[in-house]
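Residue numbers begin at 1 in each chain, while the letters A, B, ... track the order of the sequences.
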Protein chains: 2
Amino acid sequence: MPATSPDFPDRLRAAGLRPTRQRVALARLLFEGGHRHVTAESLHVEVKATRMPVSLATVYNALNQFRDAGLLREVVVAPGRSYFDTNTGHHHHFFVEPDGELHDFPSEKVTIAGLPTPPKGTRLARVDVIVRVRR
Amino acid sequence: MPATSPDFPDRLRAAGLRPTRQRVALARLLFEGGHRHVTAESLHVEVKATRMPVSLATVYNALNQFRDAGLLREVVVAPGRSYFDTNTGHHHHFFVEPDGELHDFPSEKVTIAGLPTPPKGTRLARVDVIVRVRR
DNA sequence: GCAGCATTTAGAATTGTTCTAAACTTCTTG
DNA sequence: CAAGAAGTTTAGAACAATTCTAAATGCTGC
């Protein structure tokens, strides 16, 4: 958490997004506590539990907009399911296979050596490391 | 390629799968040449082009069975799309972002140091490294 | 060859996500 | 602070990828 108390409307405006009631409600759920991993479905369930229902389409819209604005990072670990991670810093993931649990781990200690250079005409965008574990 | 010419019915039997006509046709497409990346759709288009049409459901069934039997490896790089890789050895992937192209690179030269230990009660299944690049 | 079980198939069903068009906010400006 | 313009939300339809279903067919061992 930043030292300054987070003013969600301002943070959204700073990201180029209008601070609508539903976006603010979602931002609060996402960014108020520590880092989180959510799916559209899980966030939708959560926001419905508050006294401000938001449609599923809006949850999808907001997650995509937040991701495009750099507020969230999308993590692709399982086919047909998108996770969004509120931690946008450098880090990698544990994925617990049958149940679909996702955990961060910091990339500080991880070093990857010997990566080949990107194919001609492309620039490196990101390196994802997914450590898949099973019970 | 193995030195012994690949007898697909035998290879399927060895994997515990009945060598049906459609499985043999798919295995031929997948394993006859060099390593490949396919999606169910792309393989379906391919097999239809031969004189032995196979339903899309069968392509999905076969890909899942081949993966379960260790003949293929599933690679999850983009939401809502599954790639299957005929290279089941240790290696990692380049993913070219807008177009969805996938390329292998050998893991020999890549070393990953400092990975944390798996959470309690889990054992390591695999480490995936996806190098995302953009044009 | 034939029974018995596995496999294939077309089409329906399911799942996760995006689209559409109408209703409703938010922002700007006067 | 009213009014219009533009951006958002919404329910529901549409879509894409995948799985399921039940009936037809094909493999295998005896």
Side-chain angles (χ1 to χ4, degrees), chain A residues 7-29 37-48 50-69 71-72 74-84 100 102, chain B residues 7-29 37-48 50-69 71-72 74-84 100 102:
Chain A
D7 179 331
F8 293 109
D10 279 358
R11 280 177 70 178
L12 290 172
R13 258 184 291 264
L17 296 166
R18 278 198 195 178
T20 64
R21 286 194 260 109
Q22 21 292 8
R23 292 212 269 235
V24 172
L26 294 171
R28 215 187 292 287
L29 288 173
H37 296 118
V38 302
T39 63
E41 276 297 344
S42 76
L43 187 59
H44 186 222
V45 167
E46 246 187 283
V47 77
K48 272 194 302 189
T50 71
R51 284 316 222 120
M52 134 129 270
V54 175
S55 78
L56 183 56
T58 296
V59 174
Y60 273 104
N61 288 161
L63 287 174
N64 288 333
Q65 292 151 353
F66 289 5
R67 177 205 50 215
D68 292 347
L71 267 37
L72 289 178
E74 189 167 9
V75 187
V76 183
V77 280
R81 216 199 222 139
S82 263
Y83 289 78
F84 290 86
L102 194 60
Chain B
D7 178 332
F8 292 110
D10 279 358
R11 281 177 69 176
L12 290 172
R13 259 184 291 263
L17 296 166
R18 277 200 196 176
T20 64
R21 287 195 257 109
Q22 22 294 336
R23 292 212 268 235
V24 171
L26 294 171
R28 214 187 292 288
L29 288 173
H37 297 117
V38 302
T39 63
E41 275 298 345
S42 77
L43 187 58
H44 186 223
V45 167
E46 244 186 284
V47 77
K48 273 193 301 189
T50 71
R51 281 316 221 118
M52 132 130 269
V54 175
S55 79
L56 183 56
T58 295
V59 174
Y60 274 104
N61 289 161
L63 287 173
N64 288 333
Q65 293 152 353
F66 289 6
R67 176 204 52 215
D68 293 347
L71 266 37
L72 289 178
E74 188 167 7
V75 187
V76 184
V77 280
R81 218 201 222 138
S82 264
Y83 289 78
F84 290 86
L102 192 61

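- Applying a 4.0 Å cut-off to non-hydrogen atoms, the residues of residues 50-59 of chain A that approach DNA chain D are A:Pro53, A:Val54, A:Ser55, A:Ala57, A:Thr58, listed by residue number.
- Atom C1' of nucleotide D:dT28 and atom CZ of B:Arg23 are separated by 13 Å, given to the nearest angstrom.
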* Asked: How would nucleotides 23-30 of chain C be written as a contact map, 5' to 3', with B for base contact, S for sugar-phosphate-only contact and - for no contact, using protein heavy atoms under 4.0 Å?
  -> --SBS---

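- With sequence neighbours excluded, the residues that form a side chain to side chain contact (heavy atoms under 4.5 Å, CB included) with A:Val76 are B:Val76, B:Pro79, B:Arg132.
- Applying the ring pair (Phe, Tyr, Trp, His ring centres under 6.0 Å) criterion to A:His44, with sequence neighbours excluded, gives no partner residue.
- The listed nucleotides are D:dT10, D:dA17, C:dT8; the one nearest the side chain of B:Tyr60 is D:dA17.
- Note that the two end axes of the helix from C:dG1-D:dC30 to C:dG30-D:dC1 enclose an angle of 30°, each drawn from 5 base pairs, rounded to 10 degrees.
- Rounded to an integer number of Å, the gap from B:Gln65 CD to C:dT7 P is 7 Å.
- Nucleic acid contact class of B:Ser82 (heavy atoms, under 4.0 Å, all strands): sugar-phosphate only.
- Between A:Leu26 and A:Phe8, the closest side-chain pair of non-hydrogen atoms is not below 4.5 Å.
- Between A:His44 atom NE2 and D:dT9 atom P there is a gap of 13 Å when expressed in whole angstrom units.
- If you measure from atom CZ of A:Arg81 to atom C1' of D:dT18, you get 14 Å, rounded to the nearest angstrom.
- Across the protein-nucleic acid pair, B:Tyr83 atom OH and D:dT18 atom C1' stand 16 Å apart, rounded to whole Å.
- With hydrogens and angles disregarded, a donor-acceptor distance shorter than 3.5 Å links the side chain of A:Arg23 to the backbone of A:Arg18.
- Side-chain contact between B:Leu63 and B:Arg67 is absent, with no heavy atoms from C-beta onward closer than 4.5 Å.
- We find the CD-CG distance between A:Glu41 and A:Leu56 to be 5.5 Å, quoted to the nearest 0.5 Å.
- B:Asn64 has its CG atom 9 Å from the P atom of D:dT18, to the nearest Å.
- Here A:Arg13 pairs with A:Asp10 under the salt bridge (charged side-chain N to carboxylate O under 4.0 Å, His left out) rule; sequence neighbours left out.
- Using a 4.5 Å heavy-atom cutoff, the side chains of B:Leu43 and B:Glu46 are in contact.
- Contact of the B:Phe84 side chain with the B:Asn64 side chain is registered, since non-hydrogen atoms from C-beta on lie closer than 4.5 Å.
- Straight-line distance from the CG atom of A:Asn61 to the P atom of C:dG16: 18 Å, rounded to whole Å.
- Of all the heavy atoms in A:Val59 and A:Ala40, the pair that sits closest is CG1-O, 3.5 Å.
- Atom CD in B:Glu41 sits roughly 16 Å away from atom P in D:dC15 (whole-Å rounding).
- Taking for each of A:Gly16 and B:Gly80 the nucleotide of DNA chain D with the nearest heavy atom, the 5'-most of the two is the partner of A:Gly16.
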